[in-house]
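Residue numbers count from 1 along this sequence. Excluded from the calculations below are hydrogen atoms, water molecules and symmetry mates; all remaining heavy atoms, backbone and side chain alike, are included.
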Amino acid sequence: MVQNIRDMDELKALLKSAENKLVVIEFSAKWCGPCKRIYPLFHEMSVQYRNVLFANVDVDNARELAQIYHIKAIPTFQMFKQAQKVTLFSRIKRAICCHRSGSLSEPIFELCGTDAKKLEEKIRELM
């Protein structure tokens with residue numbers, strides 16, 4: 001089942017309740033063609049992978065979340081484990097390295113394409 005997230009409080013509650021489980025969040029919009037095409041596959045994964053939590057953020061209804069999580073293209077899939085972002089999946093091809101407090105942390109990679117197979121492979125890898 002895919003949970004709809006409308007604001008930061010709901011997202012924080014989801015991440016807290018997940019504990020050690022993987023959380024996959026789809027940032028999308030109702031008018032977005034690629035989002036409409038991948039959503040049924042995303043929902044199917046939520047049924048298949050019961051030990052993973054799936055959520056959707058409509059960027060038009062949750063602009064603050066889209067801004068906080070630096071959503072530049074949709075659909076974008078962000079994955080969290082123990083409330084920390086572990087990977088990005090978007091149509092934009094790039095790799096990002098995060099710097100926190102001046103120190104280099106784990107790289108956060110963004111995969112190219114709205115390819116359900118690549119998304120599923122990443123979910124399996126991170127479960």
Side-chain angles (χ1 to χ4, degrees):
M1 186 171 122
V2 178
Q3 181 178 341
N4 289 316
I5 302 294
R6 295 177 298 242
D7 58 36
M8 184 57 88
D9 290 337
E10 288 183 5
L11 179 58
K12 284 180 181 178
L14 174 68
L15 294 176
K16 184 177 181 180
S17 72
E19 297 177 349
N20 293 328
K21 291 182 183 177
L22 178 65
V23 178
V24 183
I25 300 175
E26 174 191 28
F27 290 86
S28 63
K30 291 177 184 158
W31 51 264
C32 168
C35 301
K36 290 177 187 178
R37 285 191 296 278
I38 200 160
Y39 184 80
L41 301 171
F42 185 65
H43 185 271
E44 188 177 304
M45 286 181 220
S46 76
V47 173
Q48 181 179 353
Y49 298 104
R50 307 296 286 171
N51 57 336
V52 176
L53 299 178
F54 292 80
N56 175 273
V57 173
D58 184 315
V59 297
D60 290 329
N61 296 332
R63 292 179 190 270
E64 179 186 13
L65 284 175
Q67 190 172 30
I68 289 169
Y69 288 97
H70 309 287
I71 304 305
K72 305 292 183 210
I74 53 173
T76 292
F77 296 87
Q78 294 190 4
M79 299 180 196
F80 296 78
K81 206 155 194 181
Q82 297 179 337
Q84 298 295 314
K85 193 180 333 178
V86 291
T87 190
L88 298 174
F89 180 81
S90 176
R91 294 188 302 157
I92 297 175
K93 185 178 183 177
R94 62 183 174 168
I96 302 169
C97 218
C98 283
H99 295 275
R100 291 190 187 122
S101 303
S103 63
L104 187 65
S105 67
E106 291 285 320
I108 299 173
F109 297 102
E110 187 166 313
L111 304 173
C112 182
T114 55
D115 185 335
K117 184 178 177 183
K118 285 183 183 178
L119 176 60
E120 189 169 14
E121 286 171 3
K122 189 53 79 173
I123 290 169
R124 285 184 187 165
E125 176 188 327
L126 295 170
M127 285 184 359

Find out if a path of hydrophobic residues (ILVMFWY) with successive side-chain heavy-atom gaps under 4.5 Å connects Trp31 to Ile71. yes
Test item: side-chain donor near acceptor, Gln82 and Asn20, under 3.5 Å: yes
Is any side-chain heavy atom of Leu53 closer than 4.5 Å to a side-chain heavy atom of Gln3? no
I want to check something: taking the side chain as every heavy atom from C-beta on, are His43 and Ser46 in contact at a cut-off of under 4.5 Å? yes
I'd like to know if Glu125 pairs up with Lys122 as an ion pair, taking the criterion as any Lys NZ or Arg NE/NH1/NH2 lying under 4.0 Å from an Asp or Glu carboxylate oxygen. yes
Kindly compute the distance separating [atom1] ([X]) from [atom2] ([Y]), expressed to the nearest 0.5 Å.
{"X": "Glu26", "Y": "Gln78", "atom1": "CD", "atom2": "CD", "result": "12.0 Å"}
{"X": "Ile38", "Y": "Ser28", "atom1": "CD1", "atom2": "OG", "result": "10.5 Å"}
{"X": "Arg50", "Y": "Met1", "atom1": "CZ", "atom2": "CE", "result": "9.0 Å"}

Report, as yes or no, whether the 6.0 Å neighbourhood of atom CD on Gln67 holds more than 12 heavy atoms from other residues, nucleotides or ligands. no
If you apply the rule side chain to side chain contact (heavy atoms under 4.5 Å, CB included), what do you find for Asn61 with Lys30, and how did you get there? CA-CA 10 Å; Asn61 296 332; Lys30 291 177 184 158; 4.1 Å; yes
Which heavy-atom pair separates [X] from [Y] by the least distance, and what is that distance?
{"X": "Asp58", "Y": "Ala29", "answer": "OD1-CA, 4.2 Å"}
{"X": "Ala62", "Y": "Arg6", "answer": "CB-O, 3.5 Å"}
{"X": "Glu10", "Y": "Asp7", "answer": "N-OD1, 2.9 Å"}
{"X": "Ile74", "Y": "Phe27", "answer": "CG2-O, 3.6 Å"}
{"X": "Leu22", "Y": "Lys81", "answer": "N-CE, 4.3 Å"}

Quick one: which of Lys21, Arg124, Glu44 gives a side-chain hydrogen bond (donor to acceptor under 3.5 Å, both in side chains) with Tyr49? Arg124
Is there a side chain to side chain contact (heavy atoms under 4.5 Å, CB included) between Met79 and Ile123? Walk through the geometry before answering. CA-CA 8 Å; Met79 299 180 196; Ile123 290 169; 4.1 Å; yes
Between Leu14 and Phe80, does the side chain to side chain contact (heavy atoms under 4.5 Å, CB included) criterion hold? Intermediate values first, please. CA-CA 10 Å; Leu14 174 68; Phe80 296 78; over 6 Å; no
Evaluate the ring planes of Phe54 and Phe42, with Trp represented by its six-membered ring, and classify them as parallel (under 30°), tilted (30 to 60°) or perpendicular (over 60°). perpendicular
Run Val57 and Ile25 through side chain to side chain contact (heavy atoms under 4.5 Å, CB included) and show every step you take. CA-CA 7 Å; Val57 173; Ile25 300 175; 3.8 Å; yes
